[in-house]
There are 4 protein chains.
Amino acid sequence: MLQARDGLDLVARDLAAFRDRLAVLARQHARTPMIGRTLLQQAAPITLGFKVAGWLAGLDRTAGRLASLRRRGLAVQLGGPVGTLAGLGERGPEILRRLAEELGLPCPEFAWHTSRERIASIGAELGILAGQLGKIAGDVILCMQTEIGELREAVAPGKGGSSALPHKRNPVSSLFAAAAARHTPHLVGALIGCLAQEHERAAGAWHAEWSLLPQLFGHAHAALLALRDTFEGLEVGEAAMARNIGATQGLIFAESLAGAIAPQVGRGEAHRLVEELCRRAVAEQRPLADIARDALPKQVPGLSPEAIRAAFDLARHVEPAAHWVERLLAQRGSREGTD
Amino acid sequence: MLQARDGLDLVARDLAAFRDRLAVLARQHARTPMIGRTLLQQAAPITLGFKVAGWLAGLDRTAGRLASLRRRGLAVQLGGPVGTLAGLGERGPEILRRLAEELGLPCPEFAWHTSRERIASIGAELGILAGQLGKIAGDVILCMQTEIGELREAVAPGKGGSSALPHKRNPVSSLFAAAAARHTPHLVGALIGCLAQEHERAAGAWHAEWSLLPQLFGHAHAALLALRDTFEGLEVGEAAMARNIGATQGLIFAESLAGAIAPQVGRGEAHRLVEELCRRAVAEQRPLADIARDALPKQVPGLSPEAIRAAFDLARHVEPAAHWVERLLAQRGSREGTD
Amino acid sequence: MLQARDGLDLVARDLAAFRDRLAVLARQHARTPMIGRTLLQQAAPITLGFKVAGWLAGLDRTAGRLASLRRRGLAVQLGGPVGTLAGLGERGPEILRRLAEELGLPCPEFAWHTSRERIASIGAELGILAGQLGKIAGDVILCMQTEIGELREAVAPGKGGSSALPHKRNPVSSLFAAAAARHTPHLVGALIGCLAQEHERAAGAWHAEWSLLPQLFGHAHAALLALRDTFEGLEVGEAAMARNIGATQGLIFAESLAGAIAPQVGRGEAHRLVEELCRRAVAEQRPLADIARDALPKQVPGLSPEAIRAAFDLARHVEPAAHWVERLLAQRGSREGTD
Amino acid sequence: MLQARDGLDLVARDLAAFRDRLAVLARQHARTPMIGRTLLQQAAPITLGFKVAGWLAGLDRTAGRLASLRRRGLAVQLGGPVGTLAGLGERGPEILRRLAEELGLPCPEFAWHTSRERIASIGAELGILAGQLGKIAGDVILCMQTEIGELREAVAPGKGGSSALPHKRNPVSSLFAAAAARHTPHLVGALIGCLAQEHERAAGAWHAEWSLLPQLFGHAHAALLALRDTFEGLEVGEAAMARNIGATQGLIFAESLAGAIAPQVGRGEAHRLVEELCRRAVAEQRPLADIARDALPKQVPGLSPEAIRAAFDLARHVEPAAHWVERLLAQRGSREGTD
């Protein structure tokens, strides 16, 4: 439990630093437009800061749960062979209390030789943390694809580049984090499987725990350090982000456009009209905005050119995204120190 | 999330009832002697109440973590396709807040379309709960072994008995709980593996979640209901417990005996002497107490017959065990309602 | 075991049809150039047929192992309560043999009430199959990304399209396969965990098996059917593939270029020279081929313009790729019917 | 793959030796009566040899599948960055063939950079092997329970004994095997999860494999070595086995007894009668055989005393059990060398 405590402290410290790094990045890019993607298809614009803040909000919650486990989930283990401390006679509880005091660990209310949910819950939270870090790593890897080019890990001597393939910028640190996150779900499963401990001391399950929890600490922490490297000097390809947003002739604004004319013609008809315009934009390889500007006024009486232009206004997506980021950062600031 | 909330409420209610049942049993048998077993070998005496209280203490902690998740781990999900609620313009945050209010769910600080640690942490706690229930089921199954006979599930029509093998009292309910606990570790692993969700909406991992969390609720709750049946009318074989305690000619008191003479002859010599006596007890099939009474006074000058007798006093194990049980129950009582 | 046999037959039939579909596609596109990607970065050209043939070769091997399990991994189960068939007296083995004959299942050499590797190995192979299908689904999903656009699932009424986001072509079938493949690794783990069965009939592990193996059949078969839909009418974006190959100013041929001049200047110097040219290509936004044509003849005496041109010849990648595809298809043809 | 080959050879060698050890034990104790247990309840007699032969038959099958993988599941890996070996021009296939020859490994029909079912299937079989060894270890641990006492690991200096608790004979080696078997199901799950590899080289899943397969080799082999120690000098408690068979006043023969009188009175009535006698045996603490001898002749006209006695004849269970053992050993003998 002392190692678990020290491990939790180490993870908490490095996680706090990483979350601070993400907070800085979220603030910096709160208004840097980027396409949002669902099912790996372009969906609607967000900002890079919004994406980063989404990662951050999840890590904040996990940091909170880890802090709560640090305060309440640990306990001294001392109970003699079967947990009664009978060998110490009446002094058992007092000696246990003093040991807990000395070690700076909570005193358990009862022997937990084979009641191992403390171990399992710490392991589960580490697995969840690693999973979240793996998600971030995965997003970075996807954004680093040659054809996307929105993010790039910094080049360092002996890292990421390839002398023979100089166009390659491998997601070296991110993939270490992603690899670590492949190990942890199963380690958590194994640890939870080890809850089935026989009587007052298990024959096997207890022994398996010994290496499972340290492995979870190791992988979670390794993922954290690897991702820290990813974000150190991470290059943000704002031009690529803009290029990708523009890659579909403005079709990503189709939903906004339909929303703009729905008041006049009804939701169903609005969709039908916009779908038709989209088909033409694809067929004629012309921007949807131009087609809409030419065709819609005749089809939707009373629709102003401003309303059409507004539907293609990136700011209508950027501002709400930035607002959420600022809200989150403000809340974090006011919560500071109360974790 | 509404289903998750209702599921958590259902589990909490049935878990509370089950913990109350265990508390009653622990109190009832706080002083019912039973052998404690480590590595499935007889080790030293405990009481049945002590065993039950150990299960209970673990379930109390998990109930606490589940209650904390119920309060803080849920959140409304509403964010439009990519989480910005851009389609709602400036009213997005307000509409989200009102929806949360209406549903009686916490309002999330940020969109969590692909930040799924809420789902994973609920799943993990359910897996831990099922694992603990599986441990209890496993202990009951082991205690119900024909050769042990310390516990017996009640016979009900169509349950547990076997017309052809009337000596059999199958652990029917316990084995259902044990079977359920075989499923849950892996479901938790799968759910944590699903944290790796791409961008703003995952292609696959999100969809896999849909059945994983309900399965975890299902198995955890099924284990709970099955164990409730186990403990309804559970027969306690006090005579079998006493017989098993006496099965080794008193060798289970060897440690106490060594402790009794250590002050006179030193720890090492005490062990050597007792080991020798134990070998004789096994070889001669005589109670260790008798052999000690005859042999030790000559070997350890100044050792009183009372001290020897006291080493074989079951109460020296029962009282500390009962004390821990009472302590736990008292703490539970005073904590009532503050969960 | 009858269900397992029927399940294996069903999977084998649908898998054979799917493999045939892949074989047709591999043949069709044996020479359709496509960029090969490592660590999600463009690496060197392959062909679409080569990619498909790689999937196919793996599925062929798994089909072979499944067929072998179908022949040798099944067995009748009949053994009475503990496996001896003592109740049948001397006729036990004969009755078992006849039952096997009647059911058309192999006769086991020994009772396997708690020796469940038959179940586990069928489950493991199904999990491996689902995993391979998940890899294919994942590749399709990645190739369908808006910015990549190399593959597209066919549009069908009510499938994949989105009226509001007409540019979206969701990988609907692929993501079902990907989701199914998220479940199976853990189910295999659970099933292998169930090998730990007590004595002559397990209390829990045996019961857990009952739902684990059917689930594995279900998910593996679901993934297969979903992928079949993916490939039905799959649109191949040859233009997008060509565009992506050309996206890096020819840097993907840097390795070939270095190989072409290495004989003259040595491997190390060749790399140094090409790296320098690559940097210029990126900086000046000019094709590497042009820069090489202008600069290299001065730096590498005796280097012919043909040698330089040849290094940028796509056919040097396409032909070996196509050769492997044809080799595999030829081997498959000659193996036909001997599976 | 060279390490995988060497690992498979090592496991095969040590597994063969272990299976030979089990075969000797099965032969030796083909007729040593022991109670068979279902759901951890005494069910009907078997023999120790029968139990051991059941373990052996399963391990034989797994050894067969491992041997098949050794012959067909390995392959050289050489393909250049994307698998085409384009850098080697037309000589690619020939160089691959020669490398395979030189290394003594099969030549793959196609590049398998991201078609990893070879790795997964080796891992799965190792996991299955470890699971089977865990089952054996679990049975030994259960049989070593103080109250059962049917098996005992040999005492060695520093192993298994406890100076303070001299009655304890800890299942030290068995529990190591059991602990190893706790790790492997999840490692197999993780490895199968790693089949989802992107394009021509995965970013993370491939890297995770590197440690998963070696861990599986390590745990499976460790379980094998630990169990080898368990069976080295394993003490068989024939007296304890006899005592346990006799522990229920002969109720374990109730099924045989009902079978003996069914021809006269019908199956239903036979069960009713025997159930009644069983109740009396329990209530009066008298052997069921005696009660049957006194009561049945009046209730079932024409029932001979010999028929009643025969129903309690242990040989009727021992002989069929021994027959199966001999059959298996004979088949193994004739198969020798053809594995």
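What you see is a predicted model, and the numbers here were worked out from it, not measured in a lab. Residue numbers begin at 1 in each chain, while the letters A, B, ... track the order of the sequences. In what follows, every heavy atom counts, from backbone to side chain, and hydrogens, waters and symmetry copies are set aside.
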Are Arg97(B) and Glu94(B) ion-paired here, with the side-chain N under 4.0 Å from a carboxylate O? yes

Side chain, backbone, both or neither: which part of Thr47(A) has an atom under 4.5 Å from a heavy atom of chain B? neither

Cut-off 4.5 Å, heavy atoms of chain B, and the answer for His183(A) is neither

Please classify the contact between Ser121(A) and chain B as side chain, backbone, both or neither, with a heavy-atom cut-off of under 4.5 Å. both

Is any side-chain heavy atom of Val52(B) less than 4.5 Å from a side-chain heavy atom of Val325(B)? no

Among the options His323(A), Arg118(A), Glu90(A), pick out the one with the most heavy-atom pairs lying under 4.5 Å from chain B. Arg118(A)

Once you round to the nearest 0.5 Å, how far does NZ of Lys135(A) lie from CH2 of Trp55(A)? 7.5 Å

Strictly below 4.0 Å, N to O, side chains only: are Arg61(A) and Glu117(B) in salt-bridge contact? yes

Can you say whether Arg65(B) sits under 4.5 Å from chain A via the side chain, the backbone, both, or neither, judging by heavy atoms? side chain

In terms of heavy-atom proximity below 4.5 Å to chain B, should Ile128(A) be classed as side chain, backbone, both, or neither? both

Identify whether the distance between the nearest side-chain nitrogen and carboxylate oxygen of Arg327(A) and Glu109(B) falls below 4.0 Å. no

Any residue of residues 138-145 of chain B which, by heavy atoms, sits under 4.5 Å from chain A: Asp139(B), Leu142(B), Cys143(B)

Do the side-chain N and O atoms of Thr62(A) and Gln132(A) include a donor-acceptor pair separated by under 3.5 angstrom? yes

Using non-hydrogen atoms and a 4.5 Å limit, figure out which bit of Leu69(A) sits close to chain B: side chain, backbone, both or neither. side chain

Evaluate Ile95(B) against Leu85(B) for side-chain contact (heavy atoms from CB on, under 4.5 Å), listing each step before the verdict. CA-CA 9 Å; Ile95(B) 289 174; Leu85(B) 280 177; 6.0 Å; no

Should Glu209(A) and Arg116(A) count as an ion pair when the cut-off is N to O under 4.0 Å? yes

Select one option (side chain, backbone, both, neither) describing which atoms of Ala181(B) are under 4.5 Å from chain A's heavy atoms. neither

Look at Thr84(B), Leu191(B), Leu88(B), Val318(B) and state which one has the largest set of heavy-atom pairs under 4.5 Å with chain A. Thr84(B)

Among Ala205(A), Gly54(A), Ala124(A), Gly134(A), the residue with the most heavy-atom pairs under 4.5 Å to chain B is Gly54(A)

Please determine, among Glu125(A), His113(A), Gln197(A), Glu319(A), the option with the most heavy-atom pairs under 4.5 Å with chain B. Gln197(A)

If one checks every heavy atom of Ala57(A) against chain B at 4.5 Å, the contacting part turns out to be both

Measure distances from Leu96(A) to the heavy atoms of chain B and classify the residue's part below 4.5 Å as side chain, backbone, both or neither. side chain

Considering only heavy atoms, which portion of Trp112(A) lies under 4.5 Å from any heavy atom of chain B: side chain, backbone, both, or neither? side chain

Residue Pro45(A) versus chain B: region with a heavy atom under 4.5 Å: backbone

Looking only at side-chain N and O atoms, does Asn244(A) offer a donor or acceptor that is under 3.5 Å from a partner on Glu150(A)? yes

